[in-house]
Amino acid sequence: MRIALFQGVIGLLVLGLIASALLWPGLSRGQVVAVTLLGASGLGNLIDRVLHDGRVTDFLNMGIGPVRTGIFNVADVFGVVAFVLLLLLRSNVAPSNKRMQRGWET
């Protein structure tokens with residue numbers, strides 16, 4: 001079950017994100033970059049899980065001297081950056097249907 005969830009389902013989601021970045025009409029360059037980063041983040045974790053018995057291995061321990069900020073998964077950092085970028089750029093996707101532009105009014 002763990003393999004099916006963390007490798008199979010995530011693999012399908014990553015493929016969907018990358019296909020969306022390539023094929024979704026009307027995305028701005030920034031949105032394409034954000035969706036691609038999100039897909040790459042998932043792909044990085046997926047590669048780790050396939051190669052390392054279901055575990056993710058790419059971590060950074062950041063800090064200055066004894067002050068530590070925490071341990072970060074590199075792929076997850078890119079995923080968060082992509083998500084924030086998508087939030088910032090979300091207003092640029094215009095509805096293609098005139099009915100949607102009027103707020104579903106008839």
Side-chain angles (χ1 to χ4, degrees):
M1 183 65 164
R2 186 179 106 197
I3 290 172
L5 179 64
F6 287 116
Q7 293 177 13
V9 174
I10 300 300
L12 291 173
L13 289 172
V14 166
L15 287 175
L17 283 168
I18 293 171
S20 295
L22 293 171
L23 303 173
W24 194 339
L27 289 181
S28 68
R29 281 189 183 153
Q31 290 166 327
V32 170
V33 168
V35 172
T36 303
L37 276 175
L38 198 55
S41 168
L43 183 61
N45 280 334
L46 182 62
I47 289 169
D48 266 357
R49 289 189 189 283
V50 169
L51 295 179
H52 301 286
D53 193 32
R55 293 182 306 267
V56 177
T57 61
D58 59 336
F59 291 97
L60 287 177
N61 183 352
M62 298 173 52
I64 299 173
V67 177
R68 310 310 295 169
T69 59
I71 298 175
F72 298 97
N73 175 284
V74 177
D76 290 346
V77 170
F78 283 104
V80 170
V81 168
F83 182 75
V84 169
L85 188 56
L86 280 173
L87 286 177
L88 292 173
L89 298 172
R90 76 185 184 282
S91 62
N92 292 342
V93 178
S96 60
N97 187 335
K98 297 263 185 215
R99 186 175 219 186
M100 289 178 65
Q101 291 174 348
R102 293 186 310 216
W104 295 97
E105 299 169 2
T106 55

Which heavy atom of Q31 sits nearest a heavy atom of L89, and at what distance?
-> NE2-O, 2.8 Å
State, to 0.1 Å, how close S41 and A75 come at their nearest heavy-atom pair, and which atoms those are.
-> OG-O, 2.5 Å
More than 12 non-hydrogen atoms from neighbouring residues, nucleotides or ligands closer than 6.0 Å to CD1 on I64, yes or no?
-> no
Considering only distance and modelled atom types, tabulate donor-acceptor pairs under 3.5 Å from the side chains of residues 6-21, sequence neighbours left out.
unit_1, atom_1, unit_2, atom_2, d
Q7, NE2, R49, O, 3.2
S20, OG, G16, O, 2.8

Side chain to side chain donor-acceptor pair (under 3.5 Å) involving R29 - partner list, sequence neighbours excluded = none
Partner set under side chain to side chain contact (heavy atoms under 4.5 Å, CB included) for A82, not counting sequence neighbours | L37, L38
